[in-house]
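Below is one structure, written out as structure tokens; the observations come after it.
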Amino acid sequence: MSLTKQIEQKWQKRWEDAKLFEADPDPSRQKKMVSFPFPYMNGPLHVGHAFTASRVDAYARFKRMQGFNVLWPWSWHWTGQPLLGASQRVARGDEAYIRVLCEVDGVPEVELKKFVDPLYMAQYYTNEGRFAVKSIGFSVDWRREFTTVMPVFQKFIEWQYKNLKEKGYVTRGTHPVVWCPKDKSPTGDHDRQSGEGVTPEEYTLIKYRLDDGKILPAATFRPETVYGITNIWLNPDVTYVEADVDNETWIVSQQAAEKLKEQQRQVTVKCAFLGRALIGKFFTNPLTNLKFPILPGWFVDPKTATGVVYSVPAHAPYDYLALRDLQKKPEVFVQFGLDSAMVLAIKPVSIIKVDGFGEYPAVELVEKMGIVDQNDSKANEATNELYKKEFHSGLLKANCGIYAGQSIRKVKDALSTDFKGLGVADGMYDLKEAVVCRCMTQCVVKILSDQWFLNYSDPQWKDLAHQVITQLNIYPDSAKPWFNTVIDWLREWACARTTGFGTPLPWGKGWIIETLSDSTIYMAFYTINAQIKRNNIQPDSLTFEVFDYIFLGKGDKILVAKTANLSIELLDEMRREFLYWYPFDLRNSAKELVPNHLSFCIFHHAALFPPQHWPKAIGVNGMLMVEGQGMHKSKGNFVTLKGAVEKYGADATRCGLLLGAEGMDDPDWRADNIVDLKFKFDSLLSFAGNIIVSAKQDDDTALEHWLVSQMQQRISDVTTALEELKTRTALQNALFETWNDIKWYLQRKGNSEAKALGEVVRDWLKLLAPFAPFLCEELWSQTGETGFISIAKWPIYDAGKVDVMALEQENLVTDVMADTNNILKAMKISPSRIVYYTAAYWKWRVYLKIVEKTLTGEVKINELMREFVADTAFKPHIKDIAPLVPRIIKALTKISSSRKTNMTKINVIDEKALLINAAKFLKDRFNADIAVYSESEAQPFDPKHRAVMAMPYQPAIYVE
RNA sequence: GCGGAGGUCGCCAAGCAUGGUCAAAGGCGUAAGACUGAGGCUCUUAUCCCGCAGGGGUUCGUGGGUUCAAAUCCCACCCUCCGCACCA
């Protein structure tokens with residue numbers, strides 16, 4: 001077994017033995033409750049879960065080290081349909097699917113056989129998942145774990161829905177879904193052979209009337225064009241039926257009649273005939289009472305909506321083309337017995353004014369694009385372009401009745417509603433593209449009746465939800481407007497269905513609460529579930545009154561306890577647990593859950609809990625990519641959490657993920673990077689381990705001061721970043737930046753014997769512990785500590801430990817090195833000797849005076865000069881000062897004001913001593929002899945007269 | 001279509017709110033050197049272009065604008081990713 005693995009197992013066991021992450025209420029300490037949306041158990045946990053949860057764990061560990069009483073619970077989602085579907089595919093012997101289970105999920109064959117039981121399958125993945133979560137080192141309190149099919153949890157959900165219903169947030173209604181007639185169930189995206197993303201869309205049907213009162217319901221997405229009608233198109237070769245539809249006689253395509261039956265209509269087909277039977281007949285436009293003819297149109301598709309189309313040649317390219325085609329073919333008139341004068345007299349009717357077009361946009365566009373006829377593929381393109389234009393910038397003309405002058409965009413919906421109200425229009429759902437079910441059946445739209453909805457349209461509920469968001473921290477902040485728009489946009493949500501696992505709706509027979517609707521406030525259940533399990537509380541005891549008391553403080557506890565057969569003490573204990581832990585302080589998830597789960601969570605808390613129990617913070621992160629692509633089992637790039645930890649180790653997996661991205665950016669999992677990180681951690685183990693052993697001396701030089709000062713900055717940066725869940729920034733600083741500091745120190749110092757270094761490494765381990773807990777525990781124990789670093793005290797920034805002199809001196813060294821390098825690069829030589837000349841004292845006086853001036857305001861050269869002249873101390877150098885001043889001013893523009901402030905505090909640096917001190921280091925670096933002089937020294941070695949160029953913070957350099 | 005997020009020096013990615021301290025952090029990759037029996041590890045240095053002196057030139061999706069000064073502010077455009085419902 002590898003060393004990494006040994007370390008991981010050792011500490012995982014020690015944490016468990018010490019019950020380190022089991023959190024109980026402790027009034028003497030502040031609490032933090034963090035959470036992660038429970039994963040759905042139809043497959044193994046993967047690195048995407050690991051990414052999101054690693055952020056939670058880093059935050060939890062950070063807060064724990066800061067002294068908070070941290071609760072991180074975890075559970076498993078079993079509610080819904082896919083688990084059943086998956087199990088059925090195994091039962092059916094679906095080979096492709098079974099292969100995925102074996103090869104990707106790593107399910108052993110003996111287990112696989114038992115997957116015909118969906119509950120067994122869920123339990124298998126749950127057990128695997130728990131193992132993986134423990135192995136990656138998430139600091140979870142497992143006593144609170146549950147699955148969503150457990151009776152005690154279902155009692156909780158029943159309580160939730162009873163309350164929602166009482167508050168009027170649950171409504172009843174109808175809802176259109178994509179429906180498989182064979183399976184007799186809704187066909188979601190995952191269940192489709194083709195047609196992903198296609199949703200039911202409502203056509204407006206204009207009820208044109210034949211003379212005998214029969215109705216031709218012509219389908220359109222543009223009801224406003226009714227004012228521009230010239231005729232109806234029927235496909236002469238297609239079978240239409242005459243049917244009794246809700247006590248009217250409709251003429252629609254055969255297919256349409258079948259569809260209408262699924263849409264809450266009474267349909268009785270009376271007779272069938274070919275479309276040609278009606279060609280040449282006239283009908284009435286119910287809005288204008290004008291009469292128009294029925295003409296043959298072969299482009300009409302009987303599978304789309306009613307198969308009845310009305311023609312608006314001025315604004316619809318297809319209609320114009322069909323009309324033009326027809327008018328060119330006198331033989332067709334004869335065939336259908338049409339009056340040629342009547343057909344030739346049909347002219348487009350213009351009803352929409354649109355920018356960039358004249359009277360007849362469709363005509364113009366067809367001519368411009370050179371479209372040949374209605375079979376030309378460009379006709380579709382023209383249609384899309386024109387519809388878009390007219391929708392966005394079109395205005396209805398004077399011939400459009402009461403809608404004249406209105407913009408299409410605004411009036412479209414109102415117009416359809418008005419027409420329906422007048423009884424001249426109706427609606428019908430259909431799919432814009434074909435959807436085929438996995439069972440190869442063509443899907444239709446079905447209107448489900450008596451559906452139960454969560455009424456997210458309710459304006460008061462929306463208002464409350466907005467209030468929740470107002471008092472909530474969202475990380476990153478940029479996601480906040482998104483939440484607000486989602487709250488505004490959400491409509492009724494069908495919250496129950498008839499199949500799958502889940503909690504039965506307390507009042508509706510045969511309905512089960514849908515998966516996204518049973519996971520909105522379950523975080524509250526965590527607060528009491530340990531008690532429920534420990535005391536073996538039975539579902540029967542978890543009455544509505546019990547939950548009312550625990551979560552809302554309602555009712556008389558003596559009475560409640562008695563009727564529920566619980567002890568008053570226990571009831572009170574659960575109430576106290578809830579009050580202690582709730583609300584949760586952080587919930588973190590991937591951004592895909594913003595428009596559903598996270599927003600539902602906000603809605604439901606708003607509905608059910610008082611403001612003091614509303615969520616405190618929500619974190620949102622990107623979606624994990626694998627080697628630059630979305631992770632899919634079918635793509636063969638699926639990486640399980642268990643597999644990653646086995647291969648790369650827990651710490652490397654966690655850190656590899658967290659270094660990928662923060663905010664809402666999508667992190668990319670690259671195996672090469674993780675491997676590299678694993679090596680880095682191996683090296684860190686010995687690197688830090690060596691320092692821990694050797695750091696015993698009481699050294700207290702500027703270098704130690706520098707290191708300790710740098711460390712203060714790192715502490716501050718990591719802490720600030722973690723507070724805002726900027727896990728990448730935090731880890732970047734905790735790992736690489738700090739490590740680089742220590743490496744620099746070691747190079748400069750030449751040994752690792754200073755106690756101060758040991759102290760810095762201890763702090764370093766603490767900064768790193770939330771991210772790489774196993775490694776840090778191991779190294780922590782090597783320092784002689786007997787406690788866990790997981791609960792060690794988080795380092796606090798200490799301004800008193802910052803030595804600005806030490807910091808500036810080190811800056812000077814690196815600046816001098818950069819300058820020297822630049823010179824060497826330009827000269828393209830390897831030097832044998834490098835000489836530095838440091839600035840004379842009077843130059844420092846000049847320099848610092850100018851620094852002060854630039855800090856307080858604008859610097860005027862002549863004023864400055866006047867001051868220097870007035871000061872007798874500068875008298876001997878006044879001629880040299882004049883050219884110096886502009887040079888200094890220019891150099892200072894490149895220096896930050898905080899550094900300038902430090903310069904004034906520090907005053908004069910003994911640069912010569914500093915550089916002499918660093919001479920050995922510089923000698924090694926440049927592989928050259930180093931000499932240092934002050935320019936004020938008598939006759940220094942200076943063959944090229946460089947010394948005069950010396951400036952404070954910028955010694956002159958001579959290279960040979 | 002609607003809504004959200006983004007486009008930075010080979011790749012990933014900071015910076016942009018509060019314009020000058022930005023040729024622009026860090027990681028990866030690459031090159032050279034060190035260590036080593038050897039190295040796929042680790043360590044050091046370098047890594048936009050030009051420059052025999054610490055300087056100069058051209059960069060931050062594209063095109064304009066504001067300003068003494070723009071990766072950062074304003075306008076327009078192009079491109080990428082994500083969500084859009086009964087499904088977890």
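Naming convention: chains lettered A, B, ... in sequence-line order (proteins, then strands); numbering from 1 in each chain.
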Partner lookup for [N], please. Criteria are Watson-Crick or G-U wobble with both distances under 3.5 angstrom; report none if nothing qualifies.
N     : value
B:G54 : none
B:U36 : none
B:G1  : B:C84
B:U67 : none
B:G6  : B:C79
B:A31 : B:U45

Using atom [atom1] in both nucleotides, what's the gap between [N] and [M] to the nearest angstrom?
N     : M     : atom1 : answer
B:C84 : B:A14 : C1'   : 32 Å
B:C82 : B:A24 : P     : 35 Å
B:G4  : B:U8  : P     : 22 Å
B:G40 : B:A32 : P     : 12 Å
B:G65 : B:G19 : C1'   : 15 Å
B:A70 : B:G63 : C1'   : 16 Å
B:G61 : B:G7  : C1'   : 6 Å
B:A5  : B:U58 : P     : 35 Å

Give one of base, sugar-phosphate or nothing for [X], where a contact means two heavy atoms less than 4.0 Å apart.
X      : value
A:A496 : nothing
A:V594 : nothing
A:R925 : sugar-phosphate
A:N596 : base
A:S478 : sugar-phosphate
A:N822 : base
A:K900 : nothing
A:F687 : nothing
A:Q954 : base

Does [X] come within less than 4.0 Å of [Y], counting only side-chain N to carboxylate O?
X      : Y      : result
A:R833 : A:E960 : yes
A:D665 : A:R728 : no
A:D668 : A:R670 : yes
A:R946 : A:E935 : no

As a test of reading the structure: which of B:C43, B:A53, B:C86 is closest to the side chain of A:R192, going by heavy atoms?
B:C86
Minimum-distance nucleotide to A:M664 side chain [options: B:G54, B:G26, B:A5]:
B:A5
Rounded to whole angstroms, how far apart are [atom1] on [X] and [atom2] on [N]?
X      : N     : atom1 : atom2 : answer
A:W78  : B:A88 : CH2   : P     : 16 Å
A:F681 : B:G27 : CZ    : C1'   : 13 Å
A:L735 : B:C28 : CG    : C1'   : 14 Å
A:K743 : B:U42 : NZ    : C1'   : 9 Å
A:R714 : B:A25 : CZ    : P     : 14 Å
A:K680 : B:G26 : NZ    : C1'   : 11 Å
A:L677 : B:C28 : CG    : P     : 9 Å
A:L598 : B:C82 : CG    : C1'   : 15 Å

Do [X] and [Y] meet the criterion of a side-chain donor-acceptor pair at a distance under 3.5 Å?
X      : Y      : answer
A:N811 : A:Y953 : no
A:S716 : A:Q713 : no
A:D518 : A:T79  : yes
A:E662 : A:T727 : no
A:W744 : A:Q710 : no

Quick one: is [N] close enough that its OP1 or OP2 comes under 4.0 Å of any side-chain N or O from [X]?
X      : N     : value
A:Q81  : B:A88 : no
A:N740 : B:G27 : yes
A:N821 : B:A46 : yes

Could you walk me through whether A:W739 and A:S683 satisfy the side chain to side chain contact (heavy atoms under 4.5 Å, CB included) test, starting with their C-alpha distance in whole Å, then the side-chain angles of each, then the deciding distance to 0.1 Å, before giving a yes or no?
CA-CA 12 Å; A:W739 199 347; A:S683 138; 3.8 Å; yes
All N/O pairs under 3.5 Å across the protein-nucleotides 13-17 of chain B interface:
residue, atom, partner, partner atom, Å
B:A13, O2', A:R728, NH2, 2.5

